2 protein chains.
Amino acid sequence: MDAVSSVTPLTNCLSAQCSFCSNLSEPARAELARISRVRNFGAGETILAEAETFEIVGQVLSGVLRMQKTLFDGRQQIVGLLMPGDLFGHVFAHTSHVAIEAATEAVLCCYHRQSFEALFAQFPEIEHRMLSAVTEELDAAQDWMLLLATQTVTQRVATFFLYLRRKTLPPDMPHLIGPPVIEVPICRRDLAAYLGTTVESVSRSIQQMARERLIRILDPHRFELIDIEGLALLSHTEEEVCDMEVPRSIRAG
Amino acid sequence: MDAVSSVTPLTNCLSAQCSFCSNLSEPARAELARISRVRNFGAGETILAEAETFEIVGQVLSGVLRMQKTLFDGRQQIVGLLMPGDLFGHVFAHTSHVAIEAATEAVLCCYHRQSFEALFAQFPEIEHRMLSAVTEELDAAQDWMLLLATQTVTQRVATFFLYLRRKTLPPDMPHLIGPPVIEVPICRRDLAAYLGTTVESVSRSIQQMARERLIRILDPHRFELIDIEGLALLSHTEEEVCDMEVPRSIRAG
DNA sequence: CGAGCAATTGAACGCTGTCAACCCGAGTGG
DNA sequence: CCACTCGGGTTGACAGCGTTCAATTGCTCG
């Protein structure tokens, strides 16, 4: 990520990492690059405080951000993780009640919100992509609502692991070279806050999944997904294994 | 609602009920009205099936719609309720994995998705409002994630009642004429699916809140909110009562 | 009047939050 | 080199909320 942070501002969003800028017309990209600014954040730093008007929008180049809400009693709930390629911030003067913090060291491509919005008139395609991005985020939020409302903690962990696999290991690389290894980029506390549970329950679920040979624990943040189908069955999001006739009895949740 | 359904298609969206069309320029409103079509749905009817490409978008004029996801085992989770004034459907060819059904009799103002999108080029203000609407929906979804992840069932019911009060009883009418009465427009089954729990738990929570004199049950769908502050305290969304010094001990959840 | 549905109530089990203790590696200072 | 501290992670015991299963009530409709 040092390589990324040393990219000059004028070319940063033309890099292959910037999925938002790709597929845009050349002049739109140039304008975006002109008003963009690359910023680095250390783990734990606050990008945007809660109940604060978003004055910047942008995209994650590397690292992980967490969108979180803090309750009166100090408990925190993570309502979304932002991985490389994801957009953050809201257009228009909408004050969102989420805080955005760096869960790890992070490099961001930032725009001033108003300058960004000003480009909408000139390049409607930018607003189109923004609308698409927010719509996708809404879909993801609704999926997560389903997870929080209906799944057990173990199922949530399985779902999250499979999500990480999809996110970080694109399917174009067939996993004929053994079970895939995922890296959980956040600590147990954040993981629990994201899954709507406690660190203890997360730990118990992970250890249980390891005992059932669904995963193998390499270290506290890296796991080998031994039994993908078992995980998918457990997750019930049916992934690509929905046409199986449920051969084995449902494992104890 | 019979009055609404008899409105002619050409003028329906110029009615005061259509918050989406208001504040738009005259030509934009005219174009929207031209391609709009009012449709009626009976309770339980499906507007859009799950995993189906949205071919229509529109707005609720009266009644309540539910956005829901169905699990493999038949359980259903409601990820959002659509009340009069709310927009439904997704722009662009985005296939969302939610079904939209009428929870009650409903009257909708519908547009063909592609005709609607075609207006974006001519009237960017329409796309602006669409972007704002989706952003608001995302905020609501994140709020609901917090509710599902951190609150007890009783707290969720209290939060939902206060939400209904805000939604249906605008604050410009001071409630000096006694405690407000809310009407829950959906059955217990839908309520439970929305709150991420079961009908039994919902029923127990409601009865408990009645025993504690927080509410009074007029009939299974109408409740008098006797102790608004107590409800807000219970809900912990701190509503407008966040500056109180928590005078009474926290009630048993 | 009976069927059927919505809603409520009761009892028992189980998942999960809470509290507590423990393990372990990293950093620190003597 | 060792003792100490600190934070992250794991494990255990236990109580409580909530789901599940079951039965009951009340209402509508045929």
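Since this is a predicted model, take the numbers as computed values, not measurements. Every heavy atom of this structure was used, including side-chain atoms; hydrogens, water molecules and symmetry mates were not.
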Donor-acceptor pair (no angle test) under 3.5 Å: A:Arg211 side chain, D:dT11 base: no

Side-chain-base donor-acceptor pair under 3.5 Å for A:Arg204 and D:dG12: yes

Would you kindly give the [atom1]-to-[atom2] distance between [X] and [N], to the nearest whole Å?
X	N	atom1	atom2	result
B:Arg222	C:dA7	CZ	C1'	17 Å
B:Leu195	D:dT19	CG	P	11 Å
A:Leu148	C:dG17	CG	C1'	16 Å
B:Arg188	C:dT9	CZ	P	11 Å
B:Gln151	D:dG18	CD	C1'	16 Å
B:Ile217	C:dT8	CD1	P	7 Å
A:Asp73	C:dT18	CG	P	9 Å
B:Asp219	D:dT25	CG	C1'	16 Å

Side chain of [X]: nearest nucleotide among [options]?
X	options	result
A:Gln207	D:dG9, D:dT11, C:dA7	D:dT11
A:Glu200	C:dA7, C:dT18, D:dT19	C:dT18
B:His221	C:dA7, D:dG18, D:dT10	C:dA7
B:Ser203	D:dT20, D:dG9, C:dT8	C:dT8

Stepwise side chain to side chain contact (heavy atoms under 4.5 Å, CB included) test for A:His236 and A:Thr150: CA-CA 11 Å; A:His236 285 154; A:Thr150 67; over 6 Å; no

Electrostatic pair A:Arg222-A:Glu183, nearest N-O below 4.0 angstrom: no

Closest heavy-atom pair and its distance - A:Gly63, A:Thr104: CA-OG1, 3.4 Å

Whether A:His221 side chain and A:Pro185 backbone form a donor-acceptor pair below 3.5 Å: no

[X] vs [N]: side-chain N/O to OP1/OP2 distance below 4.0 Å:
X	N	result
A:Thr197	C:dG17	yes
A:Ser201	C:dG17	yes
A:Thr198	C:dG17	yes

Spacing of A:Trp144 atom CH2 and B:Leu148 atom CG [to the nearest 0.5 Å]: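 One gets 13.0 Å once the value is rounded to the nearest 0.5 Å.
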
